[in-house]
Amino acid sequence: MTLALVGCQSWEVQEKLLVLFKERLEVSKQIGILKKKYKMSIFDPEREKQIISEATEAMSDNEKKYTESFLHNLMDISKEVQSE
């Protein structure tokens, strides 16, 4: 395996992540519309804790650390989109 090959694999994964991220942004917009319609809070800290806990429960400590950071960032962006 070469650095060039691994770099290509990394790029392919990044492209897939960007497609999913765009999809997530669209879903976040729809969630924001519904939360406004039903006068719900954008931020639900207990729900966020539950989601992160469930997503990371079977991970190693190292994976958990990075996944928690990733999910916090994703949720922060989603809340910002929902607030627009």
Side-chain angles (χ1 to χ4, degrees):
M1 192 170 289
T2 66
L3 181 56
L5 178 60
V6 175
C8 285
Q9 290 173 333
S10 177
W11 181 254
E12 289 173 6
V13 170
Q14 181 175 308
E15 289 294 311
K16 291 175 187 176
L17 283 170
L18 289 174
V19 168
L20 291 172
F21 180 67
K22 288 178 184 178
E23 188 176 332
R24 172 69 182 237
L25 291 176
E26 287 302 315
V27 171
S28 293
K29 287 179 190 176
Q30 296 302 313
I31 290 170
I33 290 168
L34 291 169
K35 284 183 175 180
K36 288 174 188 162
K37 179 179 178 180
Y38 295 107
K39 297 178 180 14
M40 297 172 67
S41 174
I42 298 296
F43 181 50
D44 184 348
E46 291 305 313
R47 176 84 174 124
E48 287 188 14
K49 286 180 191 174
Q50 176 188 4
I51 291 168
I52 291 171
S53 176
E54 289 174 6
T56 60
E57 67 184 333
M59 293 183 173
S60 69
D61 288 342
N62 198 40
E63 290 173 325
K64 187 175 182 176
K65 174 177 71 170
Y66 294 118
T67 303
E68 285 176 351
S69 177
F70 172 76
L71 290 175
H72 280 296
N73 286 323
L74 186 60
M75 290 176 178
D76 287 346
I77 292 166
S78 295
K79 288 183 286 198
E80 187 175 331
V81 169
Q82 291 174 25
S83 296
E84 293 177 349

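Every value quoted in this text rests on a predicted model; they were computed, and no experiment measured them.
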Point to revise | Neighbour count >12 (heavy atoms, 6.0 Å) for atom CD, Glu15 | key: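 Atom CD in Glu15 is packed in, count exceeds 12.
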Check your understanding: Where the side chain of Ser53 meets the backbone of Lys49, is there a donor-acceptor pair that is under 3.5 Å apart?
Key ->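 Between the backbone of Lys49 and the side chain of Ser53 there is no qualifying donor-acceptor contact (under 3.5 Å).
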Exercise for review: For the pair Thr56 (side chain) and Met59 (backbone), establish whether a donor and an acceptor sit closer than 3.5 Å, ignoring hydrogens and angles.
Suggested key: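 Looks like no, no N/O pair under 3.5 Å.
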Rounded to the nearest 0.5 Å, what's the gap from [atom1] on [X] to [atom2] on [Y]? Could you check?
X: Leu25; Y: Leu20; atom1: CG; atom2: CG; value: 11.0 Å
X: Ser10; Y: Leu3; atom1: OG; atom2: CG; value: 10.0 Å
X: Asp44; Y: Ile51; atom1: CG; atom2: CD1; value: 8.0 Å
X: Ile77; Y: Phe21; atom1: CD1; atom2: CZ; value: 4.0 Å

Check your understanding: Is it true that the side chains of Glu54 and Gln50 contain a donor and an acceptor less than 3.5 Å apart?
Key ->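 The answer is yes; a qualifying pair exists.
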Point to revise | Asp61/Lys64 salt bridge by N-O under 4.0 Å criterion | key: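 No, Lys64 and Asp61 are not salt-bridged.
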If we only count heavy atoms from C-beta on, is the [X] to [Y] side-chain gap below 4.5 Å?
X: Leu71; Y: Glu68; result: no
X: Gln9; Y: Val6; result: yes
X: Glu80; Y: Met75; result: no

Exercise for review: Step by step, work out the side-chain contact (heavy atoms from CB on, under 4.5 Å) result for Val19 and Lys16.
Suggested key: CA-CA 5 Å; Val19 168; Lys16 291 175 187 176; 5.8 Å; no
What side-chain donor-acceptor pairs closer than 3.5 Å can you find for residues 30-41, not counting sequence neighbours?
residue: Lys35; atom: NZ; partner: Ile42; partner atom: O; Å: 3.2
residue: Lys35; atom: NZ; partner: Gln82; partner atom: OE1; Å: 3.2
residue: Lys36; atom: NZ; partner: Gln82; partner atom: O; Å: 3.3
residue: Lys36; atom: NZ; partner: Glu84; partner atom: O; Å: 2.3
residue: Ser41; atom: OG; partner: Phe43; partner atom: N; Å: 3.3
residue: Ser41; atom: OG; partner: Phe43; partner atom: O; Å: 2.9

